[in-house]
Amino acid sequence: MPIITLPDGNRKEYDKPVSVYEVASDIGPGLAKATIAGEVGGNLYDACDIFNEDVNLRIITSKDDEGVEIIRHSCAHLVGHAVKQLFPKANMVIGPVIENGFYYDIAVEKTFTQEDVQSIEDRMRSLIRQKYDVIKRVMPRSDVIAAFKSRGEEYKLKLIEDMPDEESMGLYYHQEYIDMCRGPHVPNTSFLENFKLTKVSGAYWRGDSKNEVLQRIYGTAWSSKKELNAYLTQLEEAEKRDHRKLGRELDFFHFSEDAPGSIFWHPKGWKVFRQLIDYMRGRQERAGYIEVNTPDVMDRSLWETSGHWFNYRENMFSTQTEDERIFALKPMNCPGSVSMFSQGLKSYRDLPLRMAEFGKVHRYEPSGALHGLMRVRHFTQDDAHIYCTEEQMGQECIDVVALILEIYQDFGFEDIKIKLSTRPENRIGTDEIWDKLEGALSNALDTMGLGYVLFPGEGAFYGPKLEFVLRDAIGRDWQCGTLQVDMNLPERFDIAYVDEHGSRNKRPVMLHRAVLGSLERFIGILIEQYAGAFPAWLAPEHCVVMNITDKQSEFCSHVVELLIEKGFRASADLRNEKVGFKIREHTLQKVPYILVIGDKEVLSESVSVRKLGGEDLGVMRIGDFCDHLGHDIALFGRRSTSVDFE
RNA sequence: GCUCGCAUAGCUCAGGUGGUAGAGCACUCCCUUGGUAAGGGAGAGGUCCCCAGUUCGACUCUGGGUGUGAGCACCA
């Protein structure tokens, strides 16, 4: 005699076992039709699942996040149904839910073309139109194995082998097609109409590059047409912000076949780059850092000592000289930094020693990993190594975290995730030391009241690390800052300082940190975050001064000189073009301010100011404009600078 | 590195059963001196990514290479 309690406290009594669907029907026919699944005690159940005990039940529809996930999961099954109808020889592998959608990995001889994907999608739509019921059967293990054996589904059999303890499994029948799944799934295919197959690619079996490549079909699915379209529109918007596209349009940089993965910075892009470095220099100097510079090319033996030669040999650029010495281009700055530290005797009075370097590093990244500015083979780190005593370590960690967060605010990033990765299985050092190092990092976060996500076992073999993940304006995550405690290098390079008792072999603690990470990549993130419309302090150019006719040319040039003298980045556009044309061009180049000068302005020694986006700030004296621009620059990116225009 | 796709003017892209190619924008010149997102006209511009092969003939077909895109794997 089950009593079903609903979230609003309503209780329904039954004199026989009852299904999720039946409970929903008793509440109302509309809900019954919309029911996808039920939730009891945090577990999800199919609409057809039956309860014969008292439970607290929540009905899941497509309005619930769980409902959307189920829709996506069922869509993956529907891919299977369609693929097996069109390509009977295909072996279905796994079809999980991912963010915004789903995929299905398929083992099949032929490779799917765009046309194949289209025909699969068409078949899925016709199956949806049939509104057939998805039927669940829980079967004993042996029956499931027999079912897949008879259908030749080799990979499903392998997956079953991976679950030796399961006595029985759920099979979902999509007409003649069956799929194995924990479920739940939609009751019938009418729930699945708002989907679209998005791409097809290869993927390794079990995610291991040593294994065979399967074909992966990706799709997205939503509870309504509106949400589906919103998502597709968002993808289009993201494409418009693609930093590779904007980088070309704004004339920031280019790439060449002769230097794959390396950037040719044009004057405008380089201006932003220099601005970033200048800004970081100022920040770090105020935070008590010194800056050094170490060689780009160093002897192989150094990299053997650091361990890089052994661990990353294939990913390093190296070179052999006439005298047969082998040198490597530095893939990291730390060995150079350590060499710098060991130059001369260091006293405890020198600690903490915060040694920064804007080091250019080279890494021979796999060709398939290269991606615009985001993943390159030659990039600049805003790197620093802090050498300190064990007692100083805690405070240094706090200071680094505070500095990182403060800097991110200047760029307008508010949504910052922090990941703490702790001791991995393969590691050096005693548990006692690991306790201290992990404690230093977690204490820093706790002291500052910052939340973080723990990644147990994900730390480097030589120490734990913090990672700072930024979310950009279109919702993508980028790992930028890091703070690592390194027990490896001080040991390997045998560095030491003299303590207050004159002992010369005290080992310093070494912190390794970066704020922006790769400057190149950070600029890529910024381009996408700002959609190319940089806030004034970072913009390659603050303003363009333009005349209306030749008569005002001289005054325009005079104004530009004045602005440059005051330290602003300004240029003149005196071309014989209509003012509307020139405004359009500089607007497309996303210059923050456009200053128009006609006869009226010459007479009153003023400028007519137009902001990027079209806002008319009116006519003002040149000095007033300088004040206005100065204030804008001082804001950094702390105010929303997103501009709506096409 | 792996799977699949792509590579034609500075950019965005057309194009041809195999007979060396076009548009728009940009560029140069001329006219126009016009007050807040495209004034008009003319002109110039190409080893159709590279190397082989097939062919009387290859930008087009075949093979290899390079770069690039999506995803996978990798990211000290």
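The figures here come from the full heavy-atom set of this structure, side chains too, leaving out hydrogens, waters and symmetry mates. The chains referred to below are lettered A, B, ... by the order of the sequence lines, with proteins before strands, and numbering in each begins at 1.
In this model, the phosphate group of B:C75 is not approached by any side-chain N or O of A:Arg521 to a distance below 4.0 Å at OP1 or OP2. Between A:His586 and B:U36, a side-chain N or O to OP1/OP2 separation shorter than 4.0 Å is absent. OP1 and OP2 of B:C74 both lie 4.0 Å or more from every side-chain N or O belonging to A:Tyr312. Look at A:Arg206 and you won't find any side-chain N or O under 4.0 angstrom from OP1 or OP2 of B:A73.
Ring planes of A:Phe253 and A:Phe255: perpendicular class, angle over 60° (limits at 30 and 60°). Note on ring orientation: taking the six-membered ring where Trp is involved, the planes of A:Phe252 and A:Phe534 are tilted (angle from 30° to 60°).
Using a 4.0 Å heavy-atom cutoff across all strands shown, A:Thr549 reaches at least one base atom of the nucleic acid. Residue A:Asp599 is classed as a base contact, given a heavy-atom separation below 4.0 Å to a base. Across all strands, A:Ser608 comes closer than 4.0 Å to base atoms (heavy-atom distances). Residue contacts for A:Arg313: at a heavy-atom cut-off of 4.0 Å it reaches no nucleic acid atom on any strand shown. At the heavy-atom level, A:Glu601 lies under 4.0 Å from base atoms of the strands shown. Backbone-only engagement by A:Val579 is indicated by non-hydrogen atom pairs under 4.0 Å involving sugar-phosphate atoms exclusively. Contact annotation for A:Lys210: no contact, since no heavy-atom pair falls under 4.0 Å across all strands. A:Gly580 comes within contact range of the sugar-phosphate backbone alone, with a heavy-atom separation under 4.0 Å but no base atom that close. A:Asp550 comes within contact range of at least one nucleobase, with a heavy-atom separation under 4.0 Å. Residue-level contact check: A:Arg248 touches the backbone only, with heavy atoms under 4.0 Å from sugar-phosphate atoms and none from bases. When heavy atoms are screened at a 4.0 angstrom cut-off, A:Phe255 is found touching no nucleic acid atom at all. A:Tyr462 comes within 4.0 angstrom of the backbone, heavy atoms only, and of no base. A:Gly207 comes within contact range of the sugar-phosphate backbone alone, with a heavy-atom separation under 4.0 Å but no base atom that close.
Straight-line distance between the P atoms of B:G43 and B:C25: roughly 15 Å, to the nearest whole Å. The separation of B:A70 from B:C31, taken at their P atoms, amounts to 48 Å, rounded to a whole angstrom. Distance noted for atom C1' between B:C59 and B:G18: 10 Å (whole Å). On the P atoms, B:G65 is 13 Å away from B:C4, given to the nearest whole Å. Here the separation of B:U62 from B:A58, taken at their P atoms, is 16 Å to the nearest Å. For B:G57 and B:A52, the P atoms lie 15 Å apart once the distance is rounded to whole Å. The same atom, P, is picked in B:C56 and in B:G15; the two are 30 Å apart, to the nearest Å. Annotation: B:G39 and B:U12 have their C1' atoms spaced 24 Å apart (nearest Å).
Here the side chain of A:Arg72 pairs a donor or acceptor atom with the backbone of A:Ala221 at under 3.5 angstrom. Remark: side-chain polar atoms of A:Arg354 are not paired, donor with acceptor, to backbone N or O of A:Ala384 under 3.5 angstrom.
Nearest to the side chain of A:His371, among B:G39, B:A76, B:A70, sits B:A70. Closest contact between the side chain of A:Ser209 and the listed nucleotides B:A73, B:A37, B:G39 involves B:A73. Nearest to the side chain of A:Val213, among B:G39, B:G34, B:U3, sits B:U3. For A:Pro366, the listed nucleotide lying nearest its side chain is B:G1; candidates were B:G39, B:G1, B:G35.
When both pairing distances are held under 3.5 Å, B:A76 makes no Watson-Crick or G-U pair with any nucleotide shown.
Screening A:Asp105, A:Asp162, A:Asn211 against A:Arg206 for a side chain to side chain donor-acceptor pair (under 3.5 Å) leaves a single residue, A:Asp162.
Heavy-atom neighbours of A:Glu99 CD from other residues, nucleotides or ligands within 6.0 Å: at or below the threshold of 12.
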